[in-house]
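Here's the structure, in C-alpha cells; my notes come after.
Below, chains carry the letters A, B, ... as their sequence lines are ordered, and counting in each starts from 1.
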Amino acid sequence: MTEPLAHRALLYLDDVRVSFDGFKALKGLSLTIEPGEMRAIIGPNGAGKTTMMDVVTGKTRPDSGEVLFDGGGVDLTRLDEAAIAGLGIGRKFQKPTVFESHTVEDNLYLALKADRGPFASLFHRLGADEAARIDEILATVKLADRRDDLAANLSHGQKQWLEIGMLLAQEPKLLLVDEPVAGMTDAETMETAALLRRIHDSGKSVVVVEHDMAFVRELGVKVTVLHEGGVLSEGSIDHVASDPRVIEVYLGR
Amino acid sequence: MIGHFLFRGLDRGVVVALTVILAIGVLVPAANLLLPPGHPLHVPTYLVTLFGKYATYATLALALDLVWGYCGILSLGHGAFFALGGYAMGMYLMRQIGSRGVYGNPLLPDFMVFLNWKELPWYWLGFDRFGFAALMVVLVPGLLAFVFGWFAFRSRVTGVYLSIITQALTYALLLAFFRNDMGFGGNNGLTDFKDIVGFPVQAAGTRAALFFLSCLLVAASLLLAAGIVKSKFGKVLIAIRDAESRTRFIGYRVATYKTVVFTVSGVLAGLAGALYVPQVGIINPSEFAPANSIEAVIWVAVGGRGTLTGAIVGAVAVNWGKTWFTGALPEFWLFALGGLFVVVTLFLPKGIVGTIAEIRAKRTAAAAAAPKPAPAE
C-alpha cells in the first residue's frame with residue numbers, strides 16, 4: 001500500500017536510517033507531507049529533527065531508506081544540495097544565516113528563482129519583474145523600510161524574517177523551517193506564526209521544526225513528535241499533548 | 001552584454017584608479033624617452049623597469065584580492081601561477097636567443113647543451129613562436145588553477161586547510177623546477193635573454209613599451225575584476241565568503257563558482273608573471289618560493305582586502321618600501337615586513353584603502369544626518 005501514498009505525497013520518507021560513528025540519529029523514520037500541507041515537527045534534543053532536514057536537503061546521505069519528492073518522481077538521496085534547492089525545497093537554518101555584508105535587497109536578489117549557473121549570473125541584469133517580486137517579498141516579511149541596510153544591521157528577529165523571505169524568493173514547493181522563533185520576543189513569535197500561515201495559505205507546503213509549544217499551538221496544524229530517531233506520535237496538538245508516551249518523553253525525565 | 005558587464009564596474013574609485021594607472025603608463029615612458037637625461041623630470045631607465053616590476057606585482061595582488069577578498073579563498077600559493085606565466089614567457093625568450101648563446105647552438109638553449117642534451121624536449125616545441133608562447137602564458141596557469149580548484153573545491157576543502165594545500169602546491173613546483181632533468185634550467189632558471197618580438201630586451205624603448213603594457217594589464221585586470229565583483233556573480237562570491245552553506249542551500253553550486261573565479265585569478269597572475277620576466281631578465285625556481293606568495297598576501301592586506309584598488313596600492317607601497325629598505329637597511333627588511341603585517345592586522349584591519357573608504361562613508365553619513373546642507377562630498 002506504500003505505492004499510492006508515495007505518489008500522492010510531496011515528500012515521502014520511508015524507513016530512513018542514518019548513523020554517525022555508531023550513533024543512530026535516525027532509526028527507521030517514516031514521514032509523509034502532502035502537497036499544500038503545513039506540518040509541525042517537535043521532539044526533544046537528539047530526536048533527529050535536524051538530521052531529518054539534512055537528509056531531505058542533501059547534506060547527509062541516509063544509510064538506507066527512501067526519500068522521494070514530488071509524487072515519488074525524484075529520489076532526493078541521489079542529488080546534491082544545489083540540485084535539491086533547484087527542485088523547489090527551501091531550508092531555513094536554526095541559527096539565522098543571511099549574507100551579512102549584502103543589503104537586505106541583495107539578499108533577496110540572490111535568492112530569487114533564476115538560472116544559478118556562473119555565466120548566467122555574470123551577465124544577469126535585475127529585471128523589472130524581479131524588482132517587483134523583491135518589493136512583494138519585502139512587504140510580506142515587513143522589511144520594506146530596511147531595503148538598503150546591510151543584513152548585518154538587522155535585529156535577530158528581522159534576520160529570521162529575511163531568511164524566510166529568501167526562502168520565498170526561491171519560490172519553493174516545500175519550505176523546511178528549523179526553529180524559526182528561537183530567541184524571539186512573544187510579539188515576534190506571534191508575527192512569525194502569522195507569516196508562516198500566510199505562506200501556507202499561498203499554497204506552499206511548510207514543515208516547521210520547533211521546541212516552542214505555544215508557537216506550535218498558534219500554528220494550529222498537524223503535529224509529528226519525533227523521539228530517538230523515529231516517529232513517536234502524530235496528530236493534532238491536543239492529541240499528541242495527551243499521548244502518554246509524549247508526556248513520558250517530555251516530562252518523565 | 002560584455003559592454004554592460006564592464007561598464008557596471010566603473011564606480012568613482014575605479015575610474016580614478018584607471019585614469020591614474022593609464023596616465024602613469026604613458027607619462028613615465030614619455031619622461032624616460034623624450035626628456036634628456038639632465039632634465040629634472042627625466043626618469044632613468046632603471047626606474048622604468050623597477051616601476052614596471054611593481055605594476056606586475058600589482059596585477060598579482062589584484063588577482064589574489066579577487067579570490068581572497070571577495071570569495072574568502074586565502075591562497076598562499078598564487079606565486080605559482082605568476083611563476084608559470086613567467087616560465088612560459090622565459091621559454092619564448094630563450095628560444096629567441098638562437099645561436100647567440102655561449103655555446104652557439106641554434107636550437108638548444110645553453111643549459112641543455114651544458115647538460116649534454118641532444119634534442120629539444122617536446123614541451124619546448126612551439127615556444128619559438130610568440131603566439132604559441134602567449135597562449136601558454138594563459139593556458140598553463142589557467143589549467144593548473146582550474147584542475148587544482150576542481151579537486152579542492154569539489155572536495156569542500158576550505159579555510160586554513162586550503163591555504164596549506166596552496167602552499168604545498170607552490171612548494172612542490174619549486175622543488176620540481178629545481179631539478180635539472182625537468183628541462184627548465186634547474187637552479188639557474190632561464191636568463192640571458194636577447195630580444196622579444198624582434199626588439200632588444202635591454203633597449204630603453206623596449207623597457208618603456210613593457211612598462212606601458214604592464215600598466216595596461218593592471219588597468220584591464222582592474223576593469224575585469226570590478227565588472228566581476230559588481231555583477232550578480234560577484235554578489236554570489238561575497239555570499240559564499242560570508243555564509244557558504246547558505247549559498248549552497250539557496251541552489252548555487254559553490255564549487256563551480258570558486259573554480260571559475262580561481263581560474264580567472266590564476267590567468268591574471270600568469271599574465272603578470274609573463275610581463276615580469278622580460279623586465280627583470282630572469283626567471284628561476286625561487287619565484288615559486290612560498291614566502292613570495294605570502295608576501296603577496298601582505299600587499300593585499302596592507303592595501304585593503306576586498307577593495308581591488310587597495311591591492312594595487314598595497315603592492316606598490318610595500319614594494320617601494322622593500323626597495324628602499326633593501327638599499328638602506330637590508331638586514332631589517334624582513335623584520336619591517338613582519339612588523340607591517342602585525343601593525344596592519346591590529347590597527348588597520350581594513351587596510352589603507354578600506355580605512356579611507358570607511359572614514360569617507362562615516363563623513364557622508366554624518367553630513368546626511370546634519371540638518372543644515374553640508375558641502376557635497
- Message: Could you measure the distance from the CD atom of A:Glu81 to the OG1 atom of B:Thr247? Nearest 0.5 Å is fine.
- Response: 11.5 Å
- Task: Taking atom CZ of A:Arg78 as the centre, report whether more than 12 heavy atoms of other residues, nucleotides or ligands fall under 6.0 Å from it.
- Result: no
- Heavy-atom pair with the smallest gap, counting every atom of A:Arg91 and B:Arg246: O-NH2, 2.6 Å
- Item | Members of residues 224-239 of chain B whose heavy atoms come closer than 4.5 Å to chain A | B:Ile228, B:Ser231, B:Lys232, B:Phe233, B:Lys235, B:Val236, B:Ile238, B:Ala239
- Neighbour count above 12 (heavy atom, 6.0 Å) for B:Phe347 CZ: no
- What's the shortest heavy-atom distance between B:Phe5 and A:Leu122, and which atoms? CD1-O, 3.6 Å
- Query: Of the listed residues (A:Glu100, A:His124, A:Lys92, A:Lys59), which shares the most heavy-atom pairs with chain B below a 4.5 Å separation?
  - Reply: A:His124
- Query: Roughly how far, to the nearest 0.5 Å, is CZ of B:Arg248 from CG of A:Asp80?
  - Reply: 8.5 Å
- Just checking heavy atoms, which of residues 135-146 of chain A are less than 4.5 Å from chain B? none
- Query: Which one of A:Ser101, A:Ala114, A:Ala111 has the most heavy-atom pairs closer than 4.5 Å to chain B?
  - Reply: A:Ser101
- Query: Of all heavy-atom pairs between B:Ile250 and A:Met166, which one has the smallest distance, and what is that distance?
  - Reply: CD1-CE, 3.5 Å
- Do you know which two heavy atoms are closest between B:Phe249 and A:Gln170, and how far apart they sit? O-NE2, 3.7 Å
- Is it the backbone or the side chain of A:Ala120 that comes under 4.5 Å from a heavy atom of chain B, or both, or neither? neither
- Query: Are the side chain of B:Tyr252 and the backbone N or O of A:Gly117 linked by a donor-acceptor pair below 3.5 Å?
  - Reply: no
- Query: So which of B:Ala243, B:Gly251, B:Ser245 has the largest heavy-atom pair count under 4.5 angstrom toward chain A?
  - Reply: B:Gly251
